[in-house]
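The chain is numbered in sequence order, starting from 1. The basis for the numbers below is simple: all heavy atoms, side chains too, and nothing from hydrogens, waters or symmetry mates. This structure is a prediction, so every number in the text was calculated from the model and none was measured.
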Amino acid sequence: MEFRIADTFTDSLAKLKNEEQKAVKTTAFDLQLDPANPGFQFHRLEKARDKNFWSVRVNRNIRLIVYRTNNSFLLCYVDHHDKAYRWGERRKLETHPRTGAAQLVEIRQIVREIEVPSYVVSEVPSKKFTPFSETTDSDLLSYGVPVEWIEDVRQADEDGILELAEHLPSEAAEILLNLSTGGSLPSLPIANTNIDPFDHPDAQRRFRVMNNVGELARALDYPWEKWSVFLHPEQRQTVEHNYSGPARVSGSAGTGKTIVALHRAVFLAQNYPESRILLTTFSDILANALRSKLRRLISNQPGLAERLEVDSLDDVGRRLYERNFELPHLVSGGQVEQLIAQAATSIPGHKFSLPFLVSEWGQVIDAWQIDSWSAYRDVQRLGRKTRLPEKQRELLWAIFEPIRARLLTENQLTYALLFGRLTDHFSSN
């Protein structure tokens, strides 16, 4: 019988008190030695949709939630009685129909509706951007999104995607977060429904086979994320290689790119003791996740933390601007949209929609820091699907020019303008 543990089990174990953890570990060891021992008090979760979920009594208050079949045994979760039961009743173990990976899926029908609070009131009503509204079922399935969560992903705006990520399998959450924050689609693992669902690379990120008591003891002594920062020998070659310039590491989701980046930062800090190392990303949320993993990785080398920084690019830009100029007065996306809407009403003879104007501003005018009619007339607009003849560009520039002028007059900055000024400043020094 194969004996496995899930990342959800080690996460939940870490939240218990020390004495409770000791009792859980003793029970886990006994289960691994003889899961069929009649002395264990197994109780089927009658309210669970998946009837292979059982509870195992640890003591008067603590219950293990396990998934048991004739030839396998999986430790899934542990908590106090009622919380443990609720967790098991809201889960099912299934094989993803497209990727073939085993997934512990949260049952959509009994999850509360996700409410994302709104803190900014805009005078101009606008429809929130839903990054995956036009993404096909086939594509979402290829990302690892469970079938019953597809419609939620399709309807979610950018804030909603962050909330949904907590309910989705890790491979799906990572791809959705990456795409919704401007990243490109990574190479996806080849779907293979002919292998054991637990042997799929995505499944191996969250389920581990325990071959003996020693392996189980190590697994229970370290949080799952501590395991996740161990390097494979092939990854170590990338981390320790002496590059002559910038290097790009690519790979599909779950192949360890993030871990390589973390180890590379630590490697540089160790080998260049007079240097400060910056690890950065485009997303504040991803930066926080990297920071947490880095703390685990260098927990036994606290001195390195003083020379290692993990921040989003926006955070770095704000700090540099304040240090070299002044506190930046940043304008929000909603404020820019209001300015565009107001400017558009004063220019007759155009039929451009507000979403098009906002995207043209963000992806061309602001991104390339276009500051004159001649510059806009001649810019190639790379990546834009709509072709614009000169007359249409004239109308558009009549809309955008006063917006740029107003921002400059009021000393308000977009992030593109902030980084443009920083670039000019450091280029001239």
Side-chain angles (χ1 to χ4, degrees), residues 1-46 48 50-95 101-106 169-170 195-230 232 254 296:
M1 176 177 287
E2 287 201 305
F3 189 92
R4 295 184 178 89
I5 63 171
D7 57 351
T8 49
F9 174 74
T10 55
D11 287 345
S12 59
L13 175 64
K15 296 176 182 178
L16 298 179
K17 297 177 181 178
N18 288 337
E19 290 304 315
E20 293 172 334
Q21 289 188 29
K22 291 178 182 178
V24 171
K25 291 178 182 181
T26 299
T27 302
F29 295 144
D30 291 342
L31 282 169
Q32 186 186 33
L33 291 173
D34 186 10
N37 190 318
F40 291 119
Q41 297 183 32
F42 282 90
H43 294 279
R44 189 189 298 273
L45 302 190
E46 298 296 341
D50 192 327
K51 299 306 180 183
N52 287 316
F53 277 111
W54 297 73
S55 77
V56 179
R57 188 180 191 274
V58 176
N59 57 30
R60 188 177 66 178
N61 295 319
I62 304 298
R63 297 294 183 273
L64 281 173
I65 300 301
V66 302
Y67 190 90
R68 187 175 67 168
T69 66
N70 291 333
N71 55 9
S72 67
F73 196 93
L74 173 65
L75 298 181
C76 298
Y77 192 76
V78 62
D79 207 332
H80 294 86
H81 183 283
D82 292 348
K83 291 181 179 179
Y85 270 65
R86 281 197 298 271
W87 187 92
E89 290 164 357
R90 294 176 179 177
R91 300 300 188 284
K92 59 181 177 179
L93 181 66
E94 65 180 20
T95 300
Q103 296 179 331
L104 275 171
V105 177
E106 191 169 0
S170 55
I195 64 172
D196 187 316
F198 289 100
D199 290 337
H200 191 282
D202 288 337
Q204 290 183 349
R205 302 167 66 184
R206 49 182 167 264
F207 304 109
R208 297 188 186 274
V209 175
M210 299 291 104
N211 294 308
N212 52 57
V213 172
E215 284 190 7
L216 181 59
R218 287 192 296 272
L220 300 186
D221 282 341
Y222 293 99
W224 195 271
E225 288 200 13
K226 182 71 176 180
W227 282 38
S228 73
V229 297
F230 295 156
H232 186 278
R296 291 186 174 92

*Can you check whether Lys51's main-chain N or O pairs, donor with acceptor, with Arg44's side chain at less than 3.5 Å?*
yes
*asked:* If you define the side chain from C-beta out and look only at heavy atoms, does anything of Ile65 sit under 4.5 Å from Thr8?
replied: no
*State the OG1-NZ distance between Thr10 and Lys15, to the nearest 0.5 angstrom.*
10.5 Å
*To the nearest 0.5 Å, tell me how far Glu94 CD sits from Leu104 CG.*
9.5 Å
_Holding to side chain to side chain contact (heavy atoms under 4.5 Å, CB included), I want the full list of residues that pass it with Lys22, two or more places apart in sequence or in another chain._
Glu19
_Beyond-backbone contact of Leu93 with Phe207, side-chain heavy atoms, under 4.5 angstrom_ = yes
*Which of parallel (below 30°), tilted (30 to 60°) and perpendicular (above 60°) describes Phe3 and Phe73?*
parallel
*pair Arg4-Met210: side-chain heavy atoms closer than 4.5 Å*: no
_For the OG1 atom of Thr27 and the CZ atom of Arg63, what is their distance to the nearest 0.5 Å?_
10.5 Å
*Show your reasoning for whether side-chain contact (heavy atoms from CB on, under 4.5 Å) applies to Arg68 and Phe42.*
CA-CA 10 Å; Arg68 187 175 67 168; Phe42 282 90; 3.8 Å; yes
_Nearest atoms (heavy-atom pairs only) where Leu216 meets Ala28_ = CD2-O, 3.7 Å
_For Ala203 against Pro197, the heavy-atom pair lying closest together_ = CB-O, 3.2 Å
*asked:* List the residues meeting side chain to side chain contact (heavy atoms under 4.5 Å, CB included) with Thr26, not counting sequence neighbours, and say none if there are none.
replied: Asp30
*asked:* I'd like to check Leu16 versus Val78 (side-chain heavy atoms, cut-off strictly below 4.5 Å). Are they in contact?
replied: yes
*How about Tyr77 and Phe9: are their ring centres within less than 6.0 Å of each other?*
no
*Nearest-0.5 Å distance that lies between atom OH in Tyr67 and atom CG in Asp50*: 4.0 Å
*In this structure, which one of Asp79, Leu13, Val58, Ile62 forms a side chain to side chain contact (heavy atoms under 4.5 Å, CB included) with Glu20?*
Ile62
_Working to the nearest 0.5 angstrom, can you tell me the gap between His81 NE2 and His43 NE2?_
8.0 Å
_Return the CZ to CG distance between Arg206 and Asp11, rounded to the nearest 0.5 Å._
13.0 Å
*Can the positive tip of Arg91 be found less than 6.0 Å from the middle of the six-membered ring of Phe53, inside 45° of the ring normal?*
no
_Could you work out, with side-chain hydrogen bond (donor to acceptor under 3.5 Å, both in side chains) as the rule, every residue matching Ser55, not counting sequence neighbours?_
Tyr85
